[in-house]
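Here's the structure we're looking at; comments come further down.
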Amino acid sequence: MENLSRNFYLQPTQTVARRLLGAILVHQEPLGTTTGMIIETEAYDGENDLACHARSGKTERNQAMYLTGGHAYIYFTYGMHWMFNVVTGPQNYPAAVLIRAVKPIHGLDIMRVRRSPIEKKHWCDGPAKLTTAFHITNDLYGADLCNPASSLVIKNGADISDRLVRTTSRIGIGYAPEPWRSKPWRFLLAAENAPSLPDDL
DNA sequence: TCTTCGATTGTCT
DNA sequence: GACAATCGAAGAA
């Protein structure tokens, strides 16, 4: 199973968001390795997208969005939650895909400790939930997901057919004006539709 | 199952 | 000083 390539992340943001469905998020930690299949994403596409954090230009917080595709953009919000995004597109084009949900595969014992007493089906079904279960924090800000030596990578997973994918408008961006608020840039795969995996992870 | 609401702090205006 | 790419508990139905 191979890491997704740099070229993969240089595709248009919406394409990357759609194609990340079925891919495998892998975090190697001292305690062990946690993995999960990505089942929900959102695309944020450049300074012209008024729902994107880069809408007001480059700041200290969002500078990672200006890196070349394939890096991690991580930020803190609502006073208590970490969010994990994957930067897309060429350098200096601020776009990213928010990873909103994954289906846990490996490292379940580690996740159980972190997410207890919540029941398993809710361990990773929200963007701040999966960062807790996978222990993704600001330490990984700007990390290169294409570097094989990186502790956080995304691997090629299952090919997801269009009939299993739903799109909706993005969540939590009520401040954004139209047409951005209604752009169908959220991509979902129902957890029960997520294919099972080869067991060579 | 659905809806409401409090928690809590970094970042930008 | 306002507010945020949210979560989870609690209460209603």
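All chains are named by letter (A, B, ...) in the order of the sequence lines, taking the proteins before the strands, and each is independently numbered beginning at 1.
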Any Lys/Arg nitrogen of A/Arg100 or A/Glu42 sitting under 4.0 Å from an Asp/Glu carboxylate oxygen of the other?
->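 Salt bridge flag = yes for A/Glu42 with A/Arg100.
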Residues two or more places apart in sequence or in another chain: which of them pass ring pair (Phe, Tyr, Trp, His ring centres under 6.0 Å) with A/Tyr66?
->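 So A/Tyr66 forms no ring pair (Phe, Tyr, Trp, His ring centres under 6.0 Å) with any residue.
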Starting from [atom2] on [N], measure out to [atom1] on [X] and report it in whole angstrom.
X        : N     : atom1 : atom2 : result
A/Leu50  : C/dA5 : CG    : P     : 13 Å
A/Trp123 : C/dG8 : CH2   : C1'   : 17 Å
A/Glu40  : C/dA5 : CD    : C1'   : 11 Å
A/Ile118 : C/dG8 : CD1   : P     : 5 Å
A/Asn85  : C/dT6 : CG    : P     : 11 Å

In residues 55-76 of chain A, what residues come within less than 4.0 Å of DNA chain B, judged by heavy atoms?
->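 Result for residues 55-76 of chain A: A/Ser56, A/Thr59, A/Arg61, A/Phe76, sorted by number.
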[X] near the nucleic acid: base, sugar-phosphate alone, or nothing, with a heavy-atom cut-off under 4.0 Å?
X        : result
A/Leu98  : base
A/Met83  : sugar-phosphate
A/His122 : nothing

Does any pair with a residue in residues 134-147 of chain A pass side-chain hydrogen bond (donor to acceptor under 3.5 Å, both in side chains), and if so which ones, sequence neighbours excluded?
->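 Those involving residues 134-147 of chain A are A/Arg6-A/Asp144.
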All pairs passing side-chain hydrogen bond (donor to acceptor under 3.5 Å, both in side chains) where residues 160-169 of chain A contributes a residue, at least two apart =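 For residues 160-169 of chain A: A/Arg18-A/Asp162, A/Thr168-A/Arg186.
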Members sharing A/Leu31's hydrophobic cluster (side chains within less than 4.5 Å) |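 A/Leu31 shares its hydrophobic cluster with A/Ile110.
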For [X], what residues pass the salt bridge (charged side-chain N to carboxylate O under 4.0 Å, His left out) criterion, not counting sequence neighbours?
X        : answer
A/Arg115 : none
A/Arg61  : none
A/Arg55  : none
A/Lys183 : none

Boundaries of the DNA chain B segment in contact with chain A, non-hydrogen, under 4.0 Å =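 Answer, 5' to 3': B/dA7 to B/dT13.
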Give the dot-bracket string for DNA chain C, reading 5' to 3', where a pair is Watson-Crick or G-U wobble with both distances under 3.5 Å, ( ) marks pairs inside the strand, [ ] marks pairs crossing earlier ones, | marks a partner on another strand, and . marks unpaired.
-> ||||.|||||||.
List the atom pairs, with distances to 0.1 Å, where a side-chain N or O of residues 73-88 of chain A and a protein N or O form a donor-acceptor pair under 3.5 Å, not counting sequence neighbours.
residue	atom	partner	partner atom	Å
A/Tyr73	OH	A/His53	ND1	2.9
A/Asn85	ND2	A/Tyr73	O	3.2
A/Thr88	OG1	A/Thr13	OG1	3.0

Is any side-chain nitrogen or oxygen of A/His53 closer than 4.0 Å to OP1 or OP2 of C/dA5?
->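 Indeed, a polar side-chain atom of A/His53 lies that close.
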Does A/Arg115 place a side-chain N or O at less than 4.0 Å from the phosphate oxygens OP1/OP2 of C/dG8?
-> yes
Just how far is it from atom CD1 of A/Ile136 to atom CG of A/Leu152, taken to the nearest 0.5 Å?
->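 These two atoms lie 5.0 Å from each other.
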Ring-base stacking, A/Tyr44 with C/dA5 (5.5 Å, 30° cut-offs) |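 A/Tyr44 vs C/dA5: stacking yes.
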